[in-house]
Number of protein chains: 2
Amino acid sequence: MFQSIASYGFKLPLYERVRLQIQERLSKHVWDINQPIPSESELSEEYGVSVGTVRKAIERLVEDNLLVKIQGKGTFVKQPNFSASLMKFFRYRNTQGELIEPIGVLKKVEKISAIPAINGILKLAPTDSLIYLERVRLIDGAIMLSEKIWLPYDLFNSLLDISLQDFGNLLYPFYYDRCNQLIASANEKLTFVKGYRDMYLDNPADETLLKICRIANNLEHIPVEYRESFGCTTNFHYEVNIV
Amino acid sequence: MFQSIASYGFKLPLYERVRLQIQERLSKHVWDINQPIPSESELSEEYGVSVGTVRKAIERLVEDNLLVKIQGKGTFVKQPNFSASLMKFFRYRNTQGELIEPIGVLKKVEKISAIPAINGILKLAPTDSLIYLERVRLIDGAIMLSEKIWLPYDLFNSLLDISLQDFGNLLYPFYYDRCNQLIASANEKLTFVKGYRDMYLDNPADETLLKICRIANNLEHIPVEYRESFGCTTNFHYEVNIV
DNA sequence: AAGTGGTCTAGACCACTCT
DNA sequence: GAGTGGTCTAGACCACTTG
């Protein structure tokens, strides 16, 4: 009964193959978000494996934040909460010291040809095309952050069909809904640059700017977004949990 | 045979009680660091539980980075590698762009009485005493970072017996060796301050300084260190993995 | 009472490392 | 070949939620 997953390779342990099966059904949104997915015994019967094997598969998916188990009720699809996870690391404070969620406004979406450095970061073939975004983030109408974003064309070309004003405040939910790419982890580097003039920030040339380079990965740990953000240090607030 | 761990409370699952038993032996350094710990079947016999239960207990300890399993060889005590984990997040670069490990020099160690704000952060009783450290970090002999560190007196009083020059480059290995406190996670907040003059940095009053506030937790997720670091933005480089 | 996930057991066989 | 951890199974009982 596992011929269908032969393509995954038979060297994978059974519970990993079951995990991939379930994960595939998850990304196809087969199950209603408010209903429990089939029970462990149902799945074990369906896949013809023991309950313990299904449990182990589901355990991994829970670790990956794709499922949530609730004792007595069942196992549920977890919809990623972006504003509570990734975006919380990146904050500005107002003069009263309260946290602010900057408003994201997209300025440009276009297809561009390969850029060796970026293609290298995104682990693409040297000639693969890219999607290029420009975006600013506003606080009280003032531009605090200017972002340049590069994405693999093959995965994100559907973004070209969306008009600028239809992009929401957060990009990652868009990636998820439109391109089926769930951003699951990221690496960020913070540095400071002097003498860089940004077209949107319109900053004095001698001002020290914050520069954040982010490589964001999907669930399969494949880098799918490279982003460079430039910002003013005023009221900037960065928070991170190291585990 | 589990009377000895009655103090942990009998509501804990068996594998959790076994985990705590093993963890206790780990923190007492019962096992040689270069030898495998007793095998799963040996431990299951010793504790009078099934192999599966021991496996689950060890699984958790591996997740916590306390043990490492190597198939065919055994399970080994993992000594925490601080320079490769926590400290990698915090870097300066030289003019060639290469990463530099700043040298840490301790300037002050003393017992102080309670500070309401700090005691609150460290979740101590309002009158509990503290250990206070001052420390600078140097690159090419120049002070790049000035750190103020507060620790619970009860856990860290043995630091008072160590002379300043005997503190090594990294503090966390010291916490581990001398006070049995393994720093396992941390929360850091980066902000910028202007108008703060630091005694060690000896900075101009109008320079914008980086300020990093860190709350570091031990394995039991109890906060055991609060640290405020002030630094120059020049050549500063901060890297973090978000998962 | 029925169904869910949570815990625990016992035992089989496999893959790997060492001697 | 002996010993280790890795995978997989089958089944018992418990804790929790819902009708």
Side-chain angles (χ1 to χ4, degrees), chain A residues 1-2 5-6 8-22 25-26 31-78, chain B residues 1-3 5-6 8-23 25-26 31-78:
Chain A
M1 79 296 295
F2 265 107
I5 55 170
Y8 288 124
F10 271 105
K11 283 172 188 169
L12 280 177
L14 186 48
Y15 65 85
E16 277 294 300
R17 308 204 301 269
V18 171
R19 200 206 87 201
L20 288 166
Q21 287 270 299
I22 298 176
R25 288 166 81 171
L26 283 174
W31 293 305
D32 188 332
I33 199 97
N34 295 310
Q35 292 298 116
I37 70 169
S39 73
E40 295 176 346
S41 59
E42 280 177 303
L43 287 169
S44 78
E45 203 170 322
E46 180 180 342
Y47 289 127
V49 303
S50 79
V51 183
T53 302
V54 170
R55 284 187 67 82
K56 190 146 185 173
I58 288 183
E59 205 170 88
R60 301 304 169 95
L61 292 166
V62 169
E63 281 171 22
D64 282 349
N65 270 298
L66 290 178
L67 292 176
V68 182
K69 293 211 253 189
I70 304 178
Q71 184 174 166
K73 294 182 75 172
T75 302
F76 296 79
V77 184
K78 174 165 184 182
Chain B
M1 79 296 293
F2 265 105
Q3 285 144 322
I5 54 169
Y8 288 123
F10 269 108
K11 283 172 186 167
L12 280 176
L14 185 50
Y15 66 84
E16 278 293 299
R17 307 206 299 272
V18 171
R19 202 204 87 200
L20 288 166
Q21 287 270 299
I22 298 175
Q23 191 166 315
R25 288 166 81 170
L26 283 174
W31 293 306
D32 187 331
I33 199 93
N34 295 311
Q35 291 299 116
I37 71 170
S39 72
E40 296 178 345
S41 59
E42 280 176 303
L43 287 170
S44 78
E45 202 169 325
E46 180 179 346
Y47 290 127
V49 302
S50 79
V51 184
T53 302
V54 170
R55 282 187 69 82
K56 191 147 185 172
I58 288 182
E59 205 170 88
R60 302 303 168 95
L61 292 166
V62 170
E63 282 172 21
D64 283 349
N65 271 299
L66 289 178
L67 293 176
V68 181
K69 294 211 252 189
I70 303 177
Q71 185 174 166
K73 294 181 78 172
T75 302
F76 296 79
V77 184
K78 173 163 183 181

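Order of the sequence lines fixes the chain letters, A, B, ..., with proteins taken first and strands second; residue numbering starts at 1 for each chain.
Distance CD (B:Q35) to P (C:dC18): 13 Å, rounded to an integer number of Å. What separates CD1 of A:I70 from P of C:dG3 is a distance of 20 Å, to the nearest Å. Here D:dT9 presents its P atom at 14 Å from OH of A:Y47, a figure rounded to the nearest Å. Between B:F76 atom CZ and C:dC18 atom P the separation is 9 Å, expressed in whole Å. Per the geometry, CD1 belonging to B:I58 stands 12 Å off P belonging to D:dT4, to the nearest Å. Between the C1' atom of D:dC8 and the CD atom of A:E59 lies a distance of 14 Å, rounded to the nearest Å. In this structure, B:K69 atom NZ and C:dA15 atom P are separated by 18 Å, rounded to whole Å. Distance B:E45 CD to C:dA10 P: 12 Å, rounded to the nearest Å.
In this structure the side chain of A:L20 reaches within 4.5 angstrom of the side chain of A:L12, judged on heavy atoms.
For A:S39, taking side-chain heavy atoms from C-beta onward, the closest of the listed nucleotides C:dT9, D:dG6, C:dT4 is C:dT4. Taking only side-chain atoms of B:S50, from C-beta outward, the nucleotide of C:dC18, D:dC8, C:dT9 with the closest atom is C:dT9. Between D:dC8, C:dG5, D:dT4, one nucleotide has an atom nearer to the side chain of B:E42 than all others, and that is D:dT4. When distances run from any side-chain atom of A:K73 to the nucleotides D:dT18, C:dT9, C:dT7, the shortest one goes to D:dT18. Distance from the side chain of A:R55 is smallest to C:dT7 among D:dT9, C:dT7, C:dT9. Closest approach to the B:P13 side chain among C:dC8, D:dA15, C:dA15 is made by C:dC8 (side chain taken as heavy atoms from C-beta onward). Here D:dC8 is the nucleotide among D:dG5, C:dT7, D:dC8 with the atom lying nearest to any side-chain atom of A:Y15. Comparing atom distances between the B:E40 side chain and each of C:dT4, D:dG6, D:dC8 picks out D:dG6 as nearest. Distance from the side chain of B:K56 is smallest to C:dT7 among C:dT7, D:dT7, C:dT4.
For D:dT9, the OP1/OP2 oxygens have a side-chain nitrogen or oxygen of A:T53 closer than 4.0 Å. For C:dG5, the OP1/OP2 oxygens have a side-chain nitrogen or oxygen of A:T75 closer than 4.0 Å.
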Exercise for review: For salt bridge (Lys or Arg N to Asp or Glu O under 4.0 Å), just list the numbers for A:K56 and A:E59, CA-CA rounded to whole Å, side-chain angles, deciding distance to a tenth of an Å, and then say yes or no.
Suggested key: CA-CA 5 Å; A:K56 190 146 185 173; A:E59 205 170 88; over 6 Å; no
Check your understanding: Are A:I58 and A:R55 close enough, and set up right, to give a side chain to side chain contact (heavy atoms under 4.5 Å, CB included), and what steps lead you there?
Key -> CA-CA 5 Å; A:I58 288 183; A:R55 284 187 67 82; 5.9 Å; no
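Heavy atoms of B:Q71 sit under 4.0 angstrom from at least one base atom.
For the pair A:R60 (side chain) and A:E16 (backbone), a donor-acceptor distance under 3.5 Å is absent.
Considering all non-hydrogen atoms of both residues, A:V51 and A:S41 come closest at CG2-CA, 4.5 Å.
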